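Here the structure is a predicted model, which means the values were calculated and not measured.
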Amino acid sequence: MAAEGGGAKPVARSRMENFRKVRTSEEESPLPFPDLPPDVVEMKVKEGSKIRNLMNFAMAQMELKGRRQIVFSGSGRAVTKTITCVEIMKRKLGGLHQVTKVRYKTLWEVWENQDPPPGDTAQSMTVHKNVPSICILLSRDPLDPNQTGYQPPEPQNGLGTQPGDAEDTSSSSAKGLKRPLPPPREEMLTKKSQVQAPNSPRGSGTPDHQPEHHY
């Protein structure tokens with residue numbers, strides 16, 4: 001009996017390996033921002049979404065169509081990609097007010113048996129998951145600074161270089177050199193002339209510096 005029980009476990013495991021996820025659906029819930037215009041654009045970021053495609057569409061909505069607000073949302077593994085899209089838009093446009101809301105969302109995953117036993121109908125199962133979800137509102141217009149998750153626009157000159165930064169950078173770069181910079185050419189010539197004194201056995205090869213007893 002022990003042998004039979006031990007042999008049944010690999011069979012059960014192999015049957016579970018035949019299940020593949022065929023579709024995923026998520027809980028529909030309203031956006032957690034009050035007073036949004038009815039035609040606000042929501043960018044639903046998925047795990048397999050391409051950032052370039054998302055940003056091309058979002059930038060066209062804000063720049064070409066002149067929209068004042070846009071929402072980025074994502075859940076599960078798409079949360080990081082959602083934040084990346086928001087940061088790209090903030091750098092490109094500038095002056096955007098931001099409100100971030102974090103919550104949980106329910107996902108339904110449907111799995112089907114790809115290799116059912118002969119004579120059996122297709123088997124399927126549904127898995128419920130609660131995953132973190134993020135919604136980020138970007139607005140050209142001012143938002144309530146007292147609400148939770150508000151971030152003011154980043155200063156426009158934050159990425160620029162101040163007048164004194166160039167001098168500090170050059171001085172710090174000079175300090176970081178492994179060997180000092182060579183002196184100017186005029187100074188080198190002066191030191192060379194001092195070494196080649198008239199009383200030295202050999203001169204520089206010019207008549208002005210050769211000893212008189214050579215002639």
Side-chain angles (χ1 to χ4, degrees), residues 20-110 126-173 176:
R20 297 293 183 269
K21 183 170 60 176
V22 293
R23 61 180 177 273
T24 302
S25 58
E26 63 182 37
E27 175 187 8
E28 294 294 337
S29 56
L31 294 175
F33 307 109
D35 303 328
L36 283 178
D39 59 343
V40 65
V41 176
E42 179 184 3
M43 302 296 299
K44 294 184 177 181
V45 183
K46 304 296 183 182
E47 182 180 354
S49 300
K50 301 295 184 181
I51 293 181
R52 177 179 297 179
N53 297 338
L54 292 170
M55 295 312 303
N56 288 340
F57 183 83
M59 293 297 297
Q61 294 295 316
M62 296 293 285
E63 290 187 320
L64 301 181
K65 296 190 176 182
R67 294 188 181 273
R68 308 296 299 176
Q69 294 178 333
I70 192 170
V71 176
F72 286 85
S73 63
S75 58
R77 297 182 179 179
V79 168
T80 302
K81 188 174 294 186
T82 304
I83 298 174
T84 301
C85 293
V86 169
E87 294 300 323
I88 293 175
M89 174 159 284
K90 288 167 60 178
R91 287 197 301 267
K92 288 188 174 183
L93 295 183
L96 295 177
H97 299 260
Q98 175 179 339
V99 176
T100 303
K101 300 292 184 181
V102 180
R103 54 184 179 175
Y104 278 88
K105 180 176 289 189
T106 302
L107 298 182
W108 293 276
E109 295 180 350
V110 179
T126 303
V127 179
H128 296 256
K129 288 184 177 181
N130 289 327
V131 297
S133 175
I134 191 170
C135 293
I136 302 177
L137 169 63
L138 296 178
S139 175
R140 294 182 184 271
D141 302 323
L143 301 173
D144 182 9
N146 297 321
Q147 60 179 317
T148 304
Y150 173 78
Q151 295 182 26
E154 297 179 356
Q156 296 296 318
N157 57 355
L159 301 178
T161 303
Q162 300 297 331
D165 292 345
E167 298 179 359
D168 297 339
T169 304
S170 60
S171 61
S172 61
S173 300

Point to revise | Spacing of Leu93 atom CG and Leu138 atom CG [to the nearest 0.5 Å] | key: 8.5 Å

Practice item. In sequence, state the C-alpha distance, the side-chain angles, and the governing distance for Leu137 and Leu143, and then conclude on side chain to side chain contact (heavy atoms under 4.5 Å, CB included). Key: CA-CA 10 Å; Leu137 169 63; Leu143 301 173; 4.1 Å; yes

Point to revise | Any side-chain heavy-atom pair of Thr126 and His128 under 4.5 Å | key: yes

Exercise for review: For the pair Ser49 (side chain) and Val45 (backbone), establish whether a donor and an acceptor sit closer than 3.5 Å, ignoring hydrogens and angles.
Suggested key: no

Contacts under 3.5 angstrom, residues 51-64 side chains, donor-acceptor by atom type, not counting sequence neighbours:
from, atom 1, to, atom 2, distance (Å)
Asn56, ND2, Arg52, O, 3.2
Gln61, OE1, Arg67, NE, 2.6

Exercise for review: Determine whether His97 and Tyr150 make a side-chain contact, defined as any pair of heavy atoms from C-beta on separated by less than 4.5 Å.
Suggested key: yes

Check your understanding: Is there a side-chain contact between Thr106 and Lys129 (heavy atoms, below 4.5 Å)?
Key -> no

Check your understanding: Got a second to check how far Lys46's NZ is from Thr82's OG1, nearest 0.5 Å?
Key -> 9.5 Å

**Study point:** Val71 vs Met43 side-chain heavy atoms within contact, under 4.5 Å
**Key:** no

Exercise for review: Kindly compute the distance separating CD1 (Ile88) from CD1 (Ile83), expressed to the nearest 0.5 Å.
Suggested key: 12.5 Å

Practice item. List the atom of Cys135, the atom of Leu31, and the distance in Å for their closest heavy-atom pair. Key: SG-CD2, 4.4 Å

Point to revise | Glu42 and Ser73: side chain donor to acceptor below 3.5 Å | key: yes

Point to revise | CZ (Arg68) with more than 12 external heavy atoms under 6.0 Å | key: yes

Exercise for review: Please examine the side chains of Arg103 and Ser29, heavy atoms only from C-beta on, and report whether any two atoms are closer than 4.5 Å.
Suggested key: yes

Review point. With distance as the sole test, does Lys105 use its side chain to make a donor-acceptor pair with the main-chain N or O of Glu26 at under 3.5 Å?
Key: no

**Study point:** side chain to side chain contact (heavy atoms under 4.5 Å, CB included) assessment of Met89 paired with Phe72
**Key:** CA-CA 11 Å; Met89 174 159 284; Phe72 286 85; 4.0 Å; yes

Check your understanding: How long is the gap from CD1 on Ile134 to OG on Ser75, to the nearest 0.5 Å?
Key -> 11.0 Å

Review point. Can you find a pair of side-chain heavy atoms, one from Tyr104 and one from Ser133, that are under 4.5 Å apart?
Key: no

Practice item. Could you check if a side-chain atom of Ile136 sits within less than 4.5 angstrom of a side-chain atom of Gln98, using non-hydrogen atoms only? Key: yes

Exercise for review: Evaluate the side-chain proximity of Gln147 to Val99: yes if any heavy-atom separation is below 4.5 Å, no if none is.
Suggested key: yes

Check your understanding: What do the steps show when you test Lys81 against Glu47 for salt bridge (Lys or Arg N to Asp or Glu O under 4.0 Å), and what is the final call?
Key -> CA-CA 8 Å; Lys81 188 174 294 186; Glu47 182 180 354; over 6 Å; no

Review point. If you measure only the distance, is there a donor-acceptor pair under 3.5 Å linking the side chains of Ser139 and Gln69?
Key: yes

**Study point:** Test side chain to side chain contact (heavy atoms under 4.5 Å, CB included) applied to Val40 and Ile70, step by step
**Key:** CA-CA 6 Å; Val40 65; Ile70 192 170; 5.8 Å; no

